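What you are looking at is a predicted structure, and each value in this text was computed from that prediction instead of being measured. Order of listing sets the numbers, starting from 1, for every ligand and every atom in it.
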Amino acid sequence: MRVLVITGAGVSAESGISTFRGKDGYWRNLDPTKLATPKAFARNPDLVWDWYRERRQRIRKAQPNPAHQAIANLALQADEFLLVTQNVDDLHLRAGLAAEKMVQIHGDIFMTRCSRCDFRRSEHEHEDGDLPKCPQCSALMRPGVVWFGEQLDAVKIGIVENFMRGGDSDLVIVAGTSALFGYIIDWALRARGQAGQLIEVNPEETWLSQFAAKSFREPAGVALPRLVNELLSNVNRRAPTY
Ligand code: OAD
């Protein structure tokens, strides 16, 4: 079985990490142009770093939930598997998903990288509150995430495209994302190809719902373990259709 899974903030919601556009989502109360753009960082790096450090702390304390575990389990059993996650947290990894089976298309919140040169370091442990400066070139360091108005990482796009070139996926699961970005819908539809199944997991309707063979209107932590169990118990027989 060849499987592509695409996840968004909703998959980490049950671990206590806020979504962006849902109820209590970050962008309901905070202005993204003040926190998540290169301009915002140039204007007020302290404010931007404070917000990212607070999010890092919250993620450090959070635990993977049954949705992350179900996806890691599916990855182990599928013949070919790729997860494209928009989440910058590390909960998919901590649930046991192999790093080479996933792409964090919007970056990694624990990566701190130089805003000028190639220097980068991973900061999973506690950090102090000073503005980080690059040890190589002294420029300001920034969080290793994709901000509004920035390009996606070409290497990461290459990994996704390479998976697409390997053939149509039997199953495409899109979970916990409002699917507002065109590339998310594009990858989901192209991966499904002519014969694959596209399944959505989201309590709410999204742009993707119209294309899905089935939308489970439930929390990911409820729907994904059940779905993966069903798939795996059928894997030696015929894959279930929804
Ligand atoms: P959003 O906040 O836009 O959407 C979260 C989705 O999760 C919504 O459709 C909710 O209905 C759904 N949801 C909420 N709780 C859920 C649960 N328990 N189980 C399943 N689904 C649930 O988050 P994303 O789609 O991830 O970008 O947002 C995409 C990007 O926009 C983010 O990566 C971020 C943001 O600006 C960058 O940082 C570049």
Side-chain angles (χ1 to χ4, degrees), residues 5-41 48-49 51-56 58-59 62-71 83-92 95 102-111 113 142-153 156-157 160 172-188 199-212 214-228:
V5 177
I6 301 178
T7 61
V11 160
S12 295
E14 290 156 84
S15 296
I17 298 172
S18 300
T19 64
F20 293 93
R21 299 172 186 83
K23 186 174 159 284
D24 302 326
Y26 285 120
W27 301 152
R28 294 281 176 114
N29 304 304
L30 301 172
D31 179 355
T33 61
K34 295 205 172 80
L35 294 168
T37 65
K39 229 182 195 172
F41 186 66
V48 172
W49 263 117
W51 188 59
Y52 278 93
R53 286 201 175 108
E54 199 183 298
R55 287 178 61 200
R56 281 177 171 181
R58 191 184 264 235
I59 294 166
Q63 296 303 323
N65 69 54
H68 299 105
Q69 274 140 13
I71 292 167
L83 168 71
V84 178
T85 184
Q86 297 163 87
N87 298 345
V88 295
D89 66 49
D90 59 354
L91 296 182
H92 283 297
M102 69 177 273
V103 179
Q104 284 185 289
I105 201 71
H106 290 165
D108 171 355
I109 196 166
F110 291 112
M111 191 61 76
R113 69 175 171 87
R142 53 164 283 179
V145 300
V146 178
W147 282 329
F148 288 102
E150 292 186 314
Q151 305 276 340
L152 299 179
D153 182 330
K156 292 182 179 180
I157 294 178
V160 183
V172 179
I173 299 175
V174 181
T177 177
S178 51
L180 286 177
F181 296 110
Y183 45 87
I184 296 299
I185 295 194
D186 177 55
W187 283 331
I199 292 177
E200 180 183 51
V201 177
N202 196 314
E204 317 246 327
E205 189 171 351
T206 73
W207 280 105
L208 193 91
S209 304
Q210 59 190 307
F211 305 111
K214 170 84 185 157
S215 292
F216 292 99
R217 298 274 169 247
E218 297 171 281
V222 173
L224 280 174
R226 190 187 63 235
L227 180 62
V228 169

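For ligand 1, the 4.0 Å heavy-atom shell contains residues Gly8, Ala9, Gly10, Ala13, Glu14, Thr19, Phe20, Arg21, Gly22, Trp27, Gln86, His106, Val146, Phe148, Gly176, Thr177, Ser178, Phe181, Asn202, Pro203, Glu204, Pro219, Ala220.
Each of Leu224, Leu83, Thr7 was scored for a side chain to side chain contact (heavy atoms under 4.5 Å, CB included) with Ile173, with one residue passing: Leu224. A side-chain hydrogen bond (donor to acceptor under 3.5 Å, both in side chains) with Ser209 is found for one member of Glu204, Lys214, Glu200 and no other, namely Glu200.
The side-chain heavy atoms of His68 and Ser15, taken from C-beta on, include a pair separated by under 4.5 Å.
Note that CD of Gln63 is 14.5 Å distant from CD of Glu14, once rounded to the nearest 0.5 Å.
Residues that satisfy the salt bridge (charged side-chain N to carboxylate O under 4.0 Å, His left out) test with Asp90, not counting sequence neighbours, are Arg94.
With 3.5 Å as the limit, one finds no donor-acceptor pair spanning the side chains of Ser12 and His92.
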